[in-house]
Amino acid sequence: MNFQRVSLNFILILPVMFFSCNSSKNPETVITGQFMEHIPEEITFTTPVNGTAFAGFFNRISPDSLGGFNILVNIPRPAFVNFSYETPCLIIEPGKQYRIILQADPRKGSFTLAGDLSIAQQFYNGLPHLNPMFCIYEYGEDIVHYSNISHKLCDALQKESDAICDLFRQGHLSEDLRDLLLTDRIIYYNLARAVLASRNHLEMRRNELPLPADLFEMWGEAISAVPLNDRFLLHSLYSYDYLLMHFWFRIYTEFDYDQFVELRNQKRDQGLTHRHNLQLAENFFQDEVLEFFTAGSFYYQHMRRQYDQDQQLILDQFKSKFPASNYTSFVEATFALMTGTRQ
């Protein structure tokens, strides 16, 4: 998946392409774009199905001969659309209309940000967007000092949260948009904290060092920062990784480590790792969260090139368990990539 960078501003536009993400009763949100030069053959973007912004749920659209394109989506509340994992998402709200101006850099295969931005978008663009799986290194290369790094991450989150609440009080954010941005940033920084704990945990296991109690306390705090029933839990670009850190925390705190490693090796040798993950996930997640985690796991396994012996069975089980899932078409598209790669 080849995401690109974009520039954002707002005008009134005419829709030409529609992606229904939820009930059609919601007011339509319109995104238009114009390439100034170096027009690509197609643009890839996350589709906010069920309000999510997951890299595995994406669509493509080809610009016209003049570099223009239009996208129409249907959402019940604010959501994100992403064009590049490490660049800011476009914030969209129901019934609003947005213009995206793109300046391509053919040497880097990326786009730069420019244009007249809303105050909310300007603020969001100015926040850190480095992949949270790696942003811990901005706060120190030596991760063994995890407590100090964790405090710095918490301080950064507090400053951003205060700023978001200030924007809400000043009338620049709706209540829903405030809650979306708060949840997104809480997930961002606590994913970083969970990754910090996870990496220290594995390093200590590898070197047969005693595990300090505060390490798992930090990890537990991080994966509990956003409740599993939070209405914006699945709306962040980082939601799947955040749930993945929840998944592994539960594994390491509820199973004997040595026995689990032995069982994991057996499943890997049998080509049953993906199926085993989903069996375990049913103990940790429910309803919409389990559906999202299961659907996202196909893309996650594909990106890691880890395929079970019978991926068709896993796909059939997903369709049986979630027969009306809005994720099905995206899962099937990833399944086609998985089977094509294996062949």
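Positions are given from 1 along the sequence.
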Passes ring pair (Phe, Tyr, Trp, His ring centres under 6.0 Å), Tyr240 versus Tyr300? Steps please.
-> CA-CA 9 Å; Tyr240 184 84; Tyr300 178 78; 5.7 Å; yes
Stepwise side-chain contact (heavy atoms from CB on, under 4.5 Å) test for Leu228 and Gln286 | CA-CA 9 Å; Leu228 293 179; Gln286 297 179 342; over 6 Å; no
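- Between the side chains of Asn50 and Tyr327, at least one donor N or O lies within less than 3.5 Å of an accepting N or O.
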Yes or no on side-chain contact (heavy atoms from CB on, under 4.5 Å) for Thr339 and Tyr307, after CA distance, side-chain angles and deciding distance?
-> CA-CA 9 Å; Thr339 53; Tyr307 308 123; over 6 Å; no
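- The pair Arg231-Asp179 meets the salt-bridge criterion, with a side-chain N (NZ, NE, NH1 or NH2) lying under 4.0 Å from an Asp/Glu carboxylate O.
- No side-chain N or O of Ser62 forms a donor-acceptor pair with one of Glu42 less than 3.5 Å apart.
- Note: Phe80 and His235 fail the aromatic proximity criterion, with ring centroids not under 6.0 Å apart.
- In terms of the side chain to side chain donor-acceptor pair (under 3.5 Å) criterion, residue partners of Asp214 (sequence neighbours excluded) are, by chain and number, Tyr146.
- Using a cut-off of 4.0 Å between Lys/Arg side-chain N and Asp/Glu carboxylate O, Arg178 and Asp166 are scored as not salt-bridged.
- Using modelled atom types and a 3.5 Å distance limit, the side chains of Arg193 and Ser150 yield a donor-acceptor pair.
- For Tyr257 and Phe260, the ring centers are positioned 6.0 Å apart or more.
- Side-chain contact check for Thr29 versus Gln97: every heavy-atom pair is 4.5 Å or farther apart.
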Are His201 and Phe216 close enough, and set up right, to give a ring pair (Phe, Tyr, Trp, His ring centres under 6.0 Å), and what steps lead you there?
-> CA-CA 8 Å; His201 167 252; Phe216 273 90; 5.2 Å; yes
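- Side-chain atoms of Thr52 come within 3.5 Å of backbone atoms of Val49 as a donor-acceptor pair (strictly under, hydrogens ignored).
- The closest side-chain donor-acceptor pair between Arg185 and Asn190, if any, does not fall under 3.5 angstrom.
- Counting only distance, with no hydrogens or angles, the side chain of Asp230 and the backbone of Phe232 share a donor-acceptor pair below 3.5 Å.
- Side-chain contact check for Asn82 and Thr46: no donor-acceptor pair (N or O, by modelled atom type) lies under 3.5 Å.
- Defined by atom type and a distance below 3.5 Å, a donor-acceptor pair is missing between the side-chain atoms of Gln121 and Tyr98.
- Shown here for Val226 and Ile186, the closest heavy-atom pair between the two residues is CG2-CG2, 3.5 Å.
- Two residues are said to be in side-chain contact when any heavy atoms from C-beta on lie closer than 4.5 Å; Phe69 and Asp64 fail this criterion.
- Checking Tyr188 against His129 by side-chain atom types alone, no donor-acceptor pair falls below 3.5 Å.
- With no hydrogens or angles considered, a side-chain donor-acceptor pair links Asp184 and Tyr124 at under 3.5 Å.
- Using a 4.5 Å heavy-atom threshold, the side chains of Lys319 and Val331 count as separate.
- Listed by first and then second residue, the ring pair (Phe, Tyr, Trp, His ring centres under 6.0 Å) pairs involving residues 262-287 are His246-Phe285, Phe247-Phe284, His274-Phe298, Phe285-Phe293 (not counting sequence neighbours).
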